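This structure is a prediction, so every number in the text was calculated from the model and none was measured.
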Amino acid sequence: MANLTAGQLGSCMGFFLIILLWGYSELLSFLGQKAKEDEQDPEGQSLAGKAVPKKELKPVNHTTLLRCLSLDKVALGEAKYLLRDMFEFGTILAWFYIADRTDWLQESEKSYSRDFFMFFMICLTLTFAWKHISVMKDYAPPLHREQTEEWKGWMQVMFLLYHYFNAGEMYNAIRLFIAAYVWMTGFGNFSYYYIRKDFTIGRFAHMMWRLNFFVLFACITLNNSYVLYYICPMHTIFTLFIYAALGIMSHHNETNTGVAVKFSLCILLVVFIWEVPGVFKTIFTPLKFLIGYVDPRKPDSDPLHEWFFRSGLDRYVWIYGMLCAYLHPTYERCLKALDEMSNATHRNVIRGIIFAVCLVAGTAYYQHIFILPKFEYNAVHPFTSWIPITLFILVRNLFPNLRAMSLSWYAWLGKITLETYISQFHIWLSTSGIPDGQPKKLLCILPGYPLVNFIVCTAMYIWISYRLFSLTNSMKTILLPLKDNPALLNNLGVLAGGMCALYVFGLVSHFVIE
């Protein structure tokens, strides 16, 4: 107990309260349902055994949250689903702590075999392709939702296996995958804001909740720094840039000149922050408490180095994602015109030329950039990652049948990439119980059976990641009403106040224990 931080002690107290409130709400629900089943309907038939319709998730207000603390029966009934989600969420975080911060479970060493890595990826893809290919029946636009989710899914699998097997030779490819994720941040957010023109508080809160809710509690529970999970702060800052770029003076989004000026300002902003010496440190030093990180293996390193390195690698590609989103209608029209060409020979010749150009460009990129040593590659990556991304998009969408198809299981995995990214550190890999430690080893539940252990740990890990995805979204729906700003802000105020109170409790408890 003496090793627990104030945040961890406060979290324990909060989880204990959630268990009590959830248990009482479930008891009240059970007793109420039993009373209804004992009643008779007008025809004298018992209601017992009849299906109970599932309650829709409805937002709760701040007064309901506060009344739960006084054990108000009505409030507990209204918040039952929220309390149930909070209990499950807390239980999962407790498992994170047990798996990665105690010696209850063993850990094992990583080992890499290129042959096994490739064998596994081929088998997985063939399995996913067998009877799990989704085909759009109507016209399939380029970069449709299922296609981009599939793209995220197979990249995430490669990214995770890179960590699990310590496949160091794949470093440059992983850098490209992360760049593609950041590209999608620019593409997706620009598409949404440019088309929907929705800059409301509710939308902004939902976006920030999705990116940071889970990682916030992971940091508190495991006593880790925010930048250990660098994907989250990196996507957050670039999302904020996009939101500001389109939200400020949004009427200028209607003209090509206005959009061009905003793109230019985004580029100048990146150049100013990351290219001008001293500016990055000046801006982010006051935020060191949030984005500072020191690897325990390198205690003398600059706390801002990791953030500068991680965010700097993909500092331009989010802008390219925005540009692609802006040009997407033109790209779609060109593809549609190509698909509808009456002369099949001309159509095939044009596609052949495009494919050949992409092949030549891809080969040149591979020979002159991709195979560079790690540090040399890092130096050119921010300025060249757009090349393979563009080539992949062109080839993936060149043929209508290929464009319409996607592997649905990869697309499903693509929906939970944030959860699989964070969870891997603690319930699939192992940081050896060290706060802010890198996952250098593997979680071992079945010692002596590495492949069986891989299957068992992976199944648990994927299922838990999916549950975290579902819980994050359901709690967002309940706590953050999209179109009711006062209720949303009041709920956030109550949650923030509750977390502060628990932190004070943790500080006092920590002082008493010491």
Scan side-chain atoms only and decide if E78 and T64 contain a donor-acceptor pair under the 3.5 Å cut-off. yes
Quiz: residues 237-245 side-chain donor-acceptor pairs under 3.5 angstrom, not counting sequence neighbours:
residue	atom	partner	partner atom	Å
T239	OG1	H235	O	2.6
Y243	OH	F199	O	2.8

For D314, side-chain contact (heavy atoms from CB on, under 4.5 Å) partners two or more places apart: I178, A179, V182, M234, V317, H381
Parallel, tilted or perpendicular: which one describes the rings of W151 and F392, with boundaries at 30° and 60°? tilted
N-O pairing of E419 and R210 below 4.0 Å: yes
Run the side-chain contact (heavy atoms from CB on, under 4.5 Å) test against F87 and tell me which residues pass, sequence neighbours left out. F15, I18, I19, W22, T91
Is the backbone N or O of N224 less than 3.5 Å from a side-chain atom of D436, with the two atoms forming a donor-acceptor pair by type? no
For A99, give me all partners under side-chain contact (heavy atoms from CB on, under 4.5 Å), at least two apart in sequence or on another chain. W95, L105, I427, L443
Can you run down the ring-ring contact (aromatic ring centres under 6.0 Å, His included) pairs that involve residues 433-460, sequence neighbours left out, and say none if there aren't any? F120-F454, Y164-F454, F165-F454
Is a donor from one side chain sitting under 3.5 angstrom from an acceptor on the other, for T63 and N61? yes
Once side-chain contact (heavy atoms from CB on, under 4.5 Å) is applied, do any residues pair with P439, and if so which ones, sequence neighbours excluded? F425, L429, T431
Report yes or no: do N223 and T5 form a side-chain donor-acceptor pair below 3.5 Å? no
Geometric cation-pi criterion, R310 with Y293: 6.0 Å, 45°: no
Listed once per pair and sorted, the salt bridge (Lys or Arg N to Asp or Glu O under 4.0 Å) pairs that draw on residues 452-469, sequence neighbours left out: E88-R467
For T390 and Y320, test the side chains for any donor-to-acceptor distance below 3.5 angstrom and give the result as yes or no. yes
Salt bridge check, E150 against R396: does any charged N sit closer than 4.0 Å to a carboxylate O? yes
Restricting to salt bridge (Lys or Arg N to Asp or Glu O under 4.0 Å), what partner residues turn up for R175, sequence neighbours left out? none
Any salt bridge (Lys or Arg N to Asp or Glu O under 4.0 Å) pairs touching residues 160-170, not counting sequence neighbours? R114-E169
For D302, which residues count as a salt bridge (Lys or Arg N to Asp or Glu O under 4.0 Å) partner, sequence neighbours excluded? K281
Residue list, ring pair (Phe, Tyr, Trp, His ring centres under 6.0 Å) with Y466, at least two apart or on another chain: W412
Pairs where residues 452-461 contributes a residue and the test side-chain hydrogen bond (donor to acceptor under 3.5 Å, both in side chains) is met, not counting sequence neighbours: W428-T458
Can you say whether the rings of H328 and F187 are parallel (under 30°), tilted (30 to 60°) or perpendicular (over 60°)? perpendicular
